[in-house]
Amino acid sequence: MPLDSPDGATMRWSQAFIPTLRDDPSDAEAVSHRLLVRAGFIRQLMAGSYSILPAAFRVRAKIEKIISEEIDAIGGQQFLLGALHPSDVWRQSGRWDVMGDEMFRIVDRKGADVALGMTHEEIFATVASELSSYKQLPQLWYQIQTKFRDEPRPKSGLLRVREFTMKDSYSLDIDQDGLDKQFEAHYGAYLRIFARLDLDAIPVEASSGAMGGSGSVEFMVRSDAGEDLVAHCATCGYAANVERAESVVPAVIDEVGPDTPEMFDTPGVRTIAALETFPGGAAADRQIKTLVYIADDTPVLALVRGDHALQEQKLADALGVGEVRPAQAEEIRELLGADAGSLGAVGVSDVTVVADRALQGRTNMTTGANSDDKHYRGVSIKRDISVTQWVSLREVTAGERCTNCSDGTLDVFRAIECGHIFKLGTKYAEALGATVLDENGKSRPIVMGSYGIGLERNLAAIVEVHHDDKGIVWPVSVAPWQVAITVVQAKDEPSQTAASTIAGGLEAKGWDVMVDDRNERPGVKFADAELIGFPYRITVGSRGLDAGTVEVVDRRSGTRSDVALGDVVDHVHGLLSG
RNA sequence: CGGGCUGUAGCGCAGUUUGGUAGCGCACUUGGCUGGGGGCCAAGGGGUCGCCGGUUCAAAUCCGGCCAGCCCGACCA
């Protein structure tokens, strides 16, 4: 029996609302967006908000069921919290300001600030304040509920929206050890969920970003429609978001250089590349790139090798701030007295200088002199620059050596973030007063973790991964209907009768069946079935019935086989169960 | 928020340069012929041309403002 749908059901296409389109929608770029609209699963209401039509609702319901089964299996208790949040809990955690424009805010009739929930740490922590003893821990709480985020740029259909459903769970423990255990439990549950969704999700090290906390793993599904970049080593399996990824940087052998830096004229030179070709300049890997960023209103200098790119999230993480932004031209001039293109950190004090480790110990380097059209050569970093903090700041690129194993190289590819798990720690419990007494009668904040999966994004990711030039190819586990029965001649009574009999047999075995009884041309029905992506299709026509057979088509492989009418239910049941 | 582009029937589009009262394909309705890969014939229905204002005898078309959507970038638990 199929676990996913113990109660099979039959739908007649002539009664169904599945508005398929003959042409691709003009505004859809991503494959999943194009196919989900065209196959009649979704319609856009506004930017970042979609109507889920019946076929998509069925898929979403199956995804939801798989997720809740796996979270229940690790001890989850399901809740349903409000989507409307009072501002004060967000103020208590400090995120009322941090979230900025991404939070939808409304004012109620009394003039009070209210938010539409974008995540629920604050609310679960509020509920958790009723816990009073360590004996009540651990707890694992979750819900499946709508989140609202006013994304600056919704895109790619269901992949990036402003209103979506998320399964978010929260672990509550007395200590870090308990958190680690629940984190591991989620890690396993997530791998099982993605396996059942037929998504090849790679767990990767990630930045915790504005969530805070110590540990963070993203589950990434490789796809060109993805918005994240993942560095992956096929040899050892190392995988990390480029926001965190590291790689081996071959050492550059420097000359010792002069005793002090030498300033020299570089008229018109404003870029690393220009200085490479300038007489008396230097190769990019012998230059120091100096970037000015603003972190929490404070300027900082970020130093990377001339041929390396700064990873902004790494800088933000190093500084312990939510985000950093490049300084404006005026801010740069005010700070260093020169324009971008002639900047350097030599002799700079009173400013935080964060440098990439690839620069450690380098000598005889070239960098800007904080005076337009002038650079220094012969810069020895240890001697000439006061570095506040040495960290990894550079963004890895494909083809570089893996840091985790001796002989692997890194591949960098786009991926969809299908799930994300965080070790939050005590931040929210402390802010909202969720404390319990430990065995010594001492009050301690609850240690929390939070774990999210976006339902519609996963639905879209499945389409991104499972489709061909004819349409979607749903995995059996989440197909809106696992079988379509195409009645070739709708007016042929024996065909309709045979289709109903087969549908009844499959339904009794727990499968969801769509009978295409529409009075359409066969070609239309075949094309629609392929577009929508039923895993198996049975063709019932007078030609076959005369010989006592129907045709079974496997959507994925395209394999067709004639099966005796009396055997087809068992045959297809076998295919679906295998 | 910067850059690019687009709003005309349910969907895909033409018409805008050069102002003259809206058109094509698909879809839809009715009837008929068909019937194993988007078939054919005939007759129909459907549009405040994104919105507001202006110019003009006359605006889808020209001018001004606004709104919405898409793509790239910034941004993004």
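Computation of the quantities below employed the complete heavy-atom set of this structure, encompassing side-chain atoms and omitting hydrogens, waters and symmetry-equivalent molecules. So you know, we letter chains A, B, ... as the sequences are listed, proteins then strands, and number each from 1. Treat the numbers as computed from the prediction; the structure is a model and nothing was measured.
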Worksheet item: Looking only at atom C1', what distance separates B:U16 and B:U8, rounded to whole Å?
Response: 11 Å
Discussion item. I'd like the C1' distance from B:A60 over to B:G47, given in whole Å.
Written reply: 11 Å
Could you pull out the protein-nucleic contacts involving nucleotides 5-12 of chain B (nitrogen or oxygen on both sides, under 3.5 Å)?
| unit_1 | atom_1 | unit_2 | atom_2 | d |
| --- | --- | --- | --- | --- |
| B:G12 | OP1 | A:S26 | N | 3.1 |
| B:G12 | OP1 | A:S26 | OG | 3.2 |

Fill in: salt bridge (charged side-chain N to carboxylate O under 4.0 Å, His left out) between A:D554 and A:R556, worked out
CA-CA 6 Å; A:D554 178 325; A:R556 187 182 300 270; 5.6 Å; no
Fill in: Separation between the C1' atoms of B:U21 and B:A58, rounded to whole Å
8 Å
Worksheet item: When you check the gap from the basic side-chain N to the acidic O, do A:R270 and A:D339 get nearer than 4.0 Å?
Response: no
Worksheet item: Can you tell me if the side-chain N/O atoms of A:Q44 get under 4.0 Å from OP1 or OP2 in B:C70?
Response: yes
Worksheet item: If we take the P atom in both B:U48 and B:A9, what is their distance in whole Å?
Response: 9 Å
Discussion item. For the C1' atoms, the ones on B:C62 and on B:U56, what distance do you get once it is rounded to whole angstrom?
Written reply: 10 Å
Discussion item. For B:C72 and A:K155 - does any side-chain N or O of the residue sit under 4.0 Å from the phosphate oxygens OP1/OP2?
Written reply: yes
Practice prompt. Considering only atom P, compute the distance from B:G7 to B:A42 and round it to an integer number of Å.
Written response: 32 Å
Worksheet item: With a 4.0 Å cut-off, would you call A:R244 and A:D317 a salt bridge?
Response: no
Worksheet item: Under 4.0 angstrom, heavy atoms only, what part of the nucleic acid is A:A527 near: base, sugar-phosphate, or nothing?
Response: base
Worksheet entry | Within 6.0 Å of CD in A:Q77, more than 12 heavy atoms from elsewhere | yes
Item to complete: In whole angstrom, give the distance that lies between atom CZ of A:R153 and atom C1' of B:G4.
Response: 11 Å
Worksheet item: Salt bridge check: are A:R560 and A:E551 linked by an N-O gap of less than 4.0 Å?
Response: yes
Worksheet item: Expressed in whole Å, how much space separates the P atoms belonging to B:U17 and B:C75?
Response: 42 Å
Discussion item. Taking any heavy-atom pair under 4.0 Å as a contact, classify A:R560: base, sugar-phosphate, or nothing.
Written reply: base
Discussion item. At less than 3.5 Å, do the side-chain atoms of A:E520 and the base atoms of B:G37 form a donor-acceptor pair?
Written reply: no
Worksheet entry | 5′-ward residue of the pair A:P152/A:R38 relative to RNA chain B | A:R38
Fill in: Same-atom distance (P) from B:G50 to B:U6, integer angstrom
13 Å
Discussion item. I'd like to know if the side chain of A:T20 pairs up with that of A:D528 as donor and acceptor (distance under 3.5 Å, no hydrogens or angles considered).
Written reply: yes
